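Have a look at the structure below, then the notes.
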Amino acid sequence: MAIDQEKRRSVVITGASAGIGRALALEFAARGYHLGLTARRSDVLEAVAAEIRHAHPDPARRIALARLDVDQDHTVEATLHALFETLGGADIVLVNAGINDFTRVGRGQLARQKQIIQTNLVGAIATIDASVAYWLARKGAGHIVGVSSLASLQAIPGQAAYCATKAALSMYLDATRAELRRKNIVVTTILPGFVKTDIVAGIEKYPFAADAAQVAREIVSAVERRKKTGIVPGYPWKWLRPLFGHIPLRFLR
């Protein structure tokens, strides 16, 4: 079935070179979206674009790429705005770029904790701020999708910095949603459980770890339904969500 070009939408994904970001790019491509993809490494990003063209050939689809390191937050706005223009606008911005690591409080790992905060929180805020500024300046509609985590709801030993960034990002998204409620800008918060990516070594051993492709499908479905919050994968995490924040420490260890 031919895609109506007038109705074809565009999505920009940060951190699109691997993990959930790459899986999201492939899933949005399968559903006919124009794509704006960013990552720190241009060569890997080009490989993802080539993979998309091979898996989902579509001569009418626009794929625009931009090298973006969200740690360099002063460059985020200019880079994203240029990408939006190249793409012909942006309907959805998926704030996905992030890192994780096991860090221990008081063990000389402050520099690594600061790095996690810079990428996951400051970089995400810079991305959200730049996207909203673009839409407000043009009096247009938009949709921010922030990838937080179920770790935003539960303190986890060895993950203090990561949990803190995701809790802060979720609150920032909530406040952004409240602030923009009359501006025709939708805000969706995504809360993934354990996902099999390279973000943490051995994550496939964690309970209910899901494939990135499955998680991407559920994220895109939540986005298309313009949900306020999307827990992915839905099973079993949406049923376990009431337990978060109350899980005994001995179990977490």
Side-chain angles (χ1 to χ4, degrees), residues 1-16 20-21 23-38 52 56 58 60-66 68 70 73 75-98 121 123-148 169-192 215-232:
M1 180 181 295
I3 297 172
D4 187 338
Q5 296 300 318
E6 294 298 321
K7 295 181 179 179
R8 189 187 289 237
R9 306 182 73 203
S10 59
V11 59
V12 170
I13 304 168
T14 65
I20 293 176
L24 283 166
L26 285 161
E27 183 62 27
F28 275 111
R31 302 193 191 199
Y33 285 73
H34 296 304
L35 301 170
L37 308 178
T38 82
I52 290 168
H56 305 289
D58 181 353
R61 185 202 322 281
R62 294 190 294 272
I63 302 178
L65 310 179
L68 176 64
V70 298
D73 51 271
T75 70
V76 170
E77 182 171 299
T79 302
L80 285 180
H81 287 195
L83 179 62
F84 296 166
E85 293 300 329
T86 300
L87 193 59
D91 297 304
I92 304 164
V93 174
L94 217 145
V95 187
N96 168 73
L121 183 57
I125 288 174
T127 303
I128 295 165
D129 190 75
S131 303
V132 172
Y134 180 87
W135 290 319
L136 290 178
R138 289 155 183 78
K139 301 187 185 302
H143 188 169
I144 285 287
V145 182
V147 179
S148 181
L169 176 58
S170 289
M171 183 58 71
Y172 190 88
L173 290 164
D174 286 348
T176 300
R177 184 183 301 109
E179 187 174 324
L180 300 174
R181 67 190 186 280
R182 297 181 180 175
K183 297 295 184 181
N184 204 23
I185 297 174
V186 177
V187 178
T188 296
T189 303
I190 299 296
L191 301 174
V215 169
R217 285 193 297 272
E218 294 192 30
I219 290 174
V220 177
S221 294
V223 171
E224 292 186 331
R225 291 159 60 191
R226 297 162 71 90
K227 293 186 68 174
K228 176 181 174 181
T229 304
I231 298 175
V232 293

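Keep in mind that this is a model prediction, so the values were computed, not measured. Here, residue 1 is the first one in the sequence, and each next residue gets the next number.
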Exercise. Can you tell if the side chain of Ser170 reaches within under 4.5 Å of the side chain of Leu191, non-hydrogen atoms only?
Worked result: yes
Exercise. So do the side chains of Val147 and Leu169 get within less than 4.5 Å of each other, counting heavy atoms only?
Worked result: no
Problem set entry | Full working for side chain to side chain contact (heavy atoms under 4.5 Å, CB included) between Ile20 and Asn96 | CA-CA 8 Å; Ile20 293 176; Asn96 168 73; 3.8 Å; yes
Problem set entry | Nearest-0.5 Å distance that lies between atom CG in Leu24 and atom CG in Leu35 | 10.5 Å
Seminar exercise, completed: Sequence neighbours excluded, the answer for ring-ring contact (aromatic ring centres under 6.0 Å, His included) partners of Tyr172 is none
Exercise. Between Gly15 and Ala97, what is the shortest heavy-atom contact and its length?
Worked result: N-CB, 3.9 Å
Problem set entry | Closest approach of Ser148 to Pro192 (non-hydrogen atoms, all atoms of both residues) | O-CD, 3.2 Å
Exercise. Do any N or O atoms from the side chain of Asp73 and from the backbone of Gly123 form a donor-acceptor pair under 3.5 angstrom?
Worked result: no
Exercise. Taking the side chain from His81 and the backbone from Ala130, do they hold a donor-acceptor pair closer than 3.5 Å?
Worked result: yes
For this session: Please check if the side chain of Asp91 supplies one atom and the backbone of Ser10 the other of a donor-acceptor pair under 3.5 Å.
Result: yes
Problem set entry | Contact check, side chains of Val12 and Leu94, non-hydrogen atoms, under 4.5 Å | no
For this session: With sequence neighbours left out, write down each residue that passes salt bridge (Lys or Arg N to Asp or Glu O under 4.0 Å) with Asp129, or none if nothing qualifies.
Result: none
For this session: Would you check if Val132 and Leu180 make a side-chain contact, meaning some heavy-atom pair closer than 4.5 Å?
Result: yes
Problem set entry | Heavy atoms from other residues, nucleotides or ligands near CD of Glu179 exceed 12 (cutoff 6.0 Å) | no
Exercise. Below 4.5 Å, heavy atoms only, C-beta onward: do Leu65 and Thr38 meet side chain to side chain?
Worked result: no
Problem set entry | Shortest non-hydrogen contact from Glu77 toward Ala133 | OE1-CB, 4.5 Å
Exercise. Do the rings of Phe84 and Trp135 sit parallel, tilted or perpendicular, given the 30° and 60° boundaries?
Worked result: parallel
Exercise. Under 4.5 Å between any side-chain heavy atoms of Glu27 and Ser221, yes or no?
Worked result: no
Exercise. Is the closest basic N to carboxylate O distance between Asp58 and Arg8 below 4.0 Å?
Worked result: yes
Problem set entry | Sidechain-backbone polar pair: Arg61 side chain, Tyr33 backbone, donor-acceptor under 3.5 Å | yes
For this session: Determine whether Ile185 and His143 make a side-chain contact, defined as any pair of heavy atoms from C-beta on separated by less than 4.5 Å.
Result: no
Exercise. Could you go step by step and tell me if Val187 and Val145 meet the side chain to side chain contact (heavy atoms under 4.5 Å, CB included) rule?
Worked result: CA-CA 6 Å; Val187 178; Val145 182; over 6 Å; no
Exercise. Salt bridge or not for Arg138 and Glu85, using N-O below 4.0 Å?
Worked result: yes
For this session: Indicate yes or no for a side-chain donor-acceptor contact from Arg226 to the backbone of Thr188 under 3.5 Å, with no hydrogens or angles considered.
Result: no
Exercise. What distance separates Lys228 NZ from Asp174 CG, expressed to the nearest 0.5 Å?
Worked result: 6.0 Å
Problem set entry | Pairwise distance CD1(Ile144) to CG(Leu173) - rounded to 0.5 angstrom | 8.0 Å
For this session: Decide yes or no on side chain to side chain contact (heavy atoms under 4.5 Å, CB included) for Ile63 and Ile52, but give the supporting numbers first.
Result: CA-CA 9 Å; Ile63 302 178; Ile52 290 168; 3.9 Å; yes
Problem set entry | Check against side chain to side chain contact (heavy atoms under 4.5 Å, CB included), Leu68 and Val76 | CA-CA 7 Å; Leu68 176 64; Val76 170; 4.1 Å; yes
Problem set entry | Polar side chain donor-acceptor pair, Arg177 to Thr189, under 3.5 angstrom | yes
Exercise. CG/Leu87 to CG/Leu80 distance, rounded to the nearest 0.5 angstrom?
Worked result: 11.5 Å
For this session: State, yes or no, whether a side-chain contact exists between Leu83 and Thr79 at a heavy-atom distance under 4.5 Å.
Result: no
